[in-house]
Amino acid sequence: MDEQKEKVMHERMMDKTSQPSDLEMLNTISQPVAEAWTALRRFLVETYNISPMFNSGGKKYGWNLQYRINGRPLCEIYPERGSFTALVV
């Protein structure tokens, strides 16, 4: 896969000076993928009774939402332009 195409496919929210709002994340992800993002977030809250913590993700990864159970990581989700990545630990 060519480097330019890969860069566009995984364009994340990298501006560390401003934490994105829910609406900004949904607009970045865009429909119909934003529906899956919302469903996953709802599932995590309803199933595990947990709330996400924002994390700026360092130099490479951009803003993400971290979900933890009893202080242990469960998953992180990264909003991307037209997509998102879910990392299950």
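Throughout, residue positions are numbered sequentially from 1 according to the sequence presented. All values below were derived from every heavy atom in this structure, side-chain atoms included, with hydrogens, water molecules and symmetry-related copies excluded.
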**Complete:** Scanning both residues in full, the closest heavy-atom pair of Pro79 with Trp63 reads CD-O, 3.3 Å
**Asked** Hey, quick one: are Ile77 and Ile50 part of the same hydrophobic cluster, counting side-chain heavy atoms closer than 4.5 Å, chains of contacts allowed?
**Response** yes
**Prompt:** Is there a path of hydrophobic side-chain contacts, each under 4.5 Å between heavy atoms of I, L, V, M, F, W or Y residues, that connects Ile29 with Leu23?
**Reply:** no
**Message:** Show the nearest heavy-atom pair for residues Val89 and Pro73, with the distance to one decimal.
**Reply:** CB-O, 3.9 Å
**Prompt:** Got a second to check how far Ser51's OG is from Gln66's CD, nearest 0.5 Å?
**Reply:** 13.5 Å
**Fill in**
d(Gln19 CD, Ser56 OG) to nearest 0.5 Å is 9.5 Å
**Prompt:** Are Leu40 and Tyr61 connected, step by step, through hydrophobic side chains (Ile, Leu, Val, Met, Phe, Trp, Tyr) whose heavy atoms are closer than 4.5 Å?
**Reply:** no
**Shared hydrophobic cluster for Trp37 and Phe43 (ILVMFWY, side-chain gaps under 4.5 Å)** = yes
**Item:** From Asp22 atom CG to Leu65 atom CG, the distance as rounded to the nearest 0.5 Å
**Value:** 7.5 Å
**Request:** Decide whether Tyr48 and Tyr67 are clustered together by the hydrophobic rule: side chain heavy atoms of Ile, Leu, Val, Met, Phe, Trp, Tyr closer than 4.5 Å, transitively.
**Result:** yes
**Request:** Provide the closest heavy-atom pair for Arg41 versus Met25 in the form atom of the first, atom of the second, distance.
**Result:** NH1-CE, 4.1 Å
**Item:** Exercise: identify the closest heavy-atom pair between Val33 and Gly82
**Value:** CG2-O, 3.7 Å
**Fill in**
Closest non-hydrogen atoms of Ala34 and Leu26, given as atom of the first, atom of the second and distance, are CB-CD2, 3.8 Å
**Request:** Start with the C-alpha gap between Arg12 and Asn64, add the side-chain angles, then the distance that decides, and say whether side chain to side chain contact (heavy atoms under 4.5 Å, CB included) holds.
**Result:** CA-CA 9 Å; Arg12 293 187 173 162; Asn64 65 74; over 6 Å; no
**Asked** Tell me, do Leu44 and Cys75 make a side-chain contact under 4.5 Å, heavy atoms counted?
**Response** yes
**Prompt:** Gly71 and Arg68: which non-hydrogen atoms are nearest, and at how many Å?
**Reply:** O-NH1, 2.9 Å
**Request:** Decide whether Tyr78 and Glu76 meet the rule of one side-chain donor and one side-chain acceptor closer than 3.5 Å.
**Result:** yes
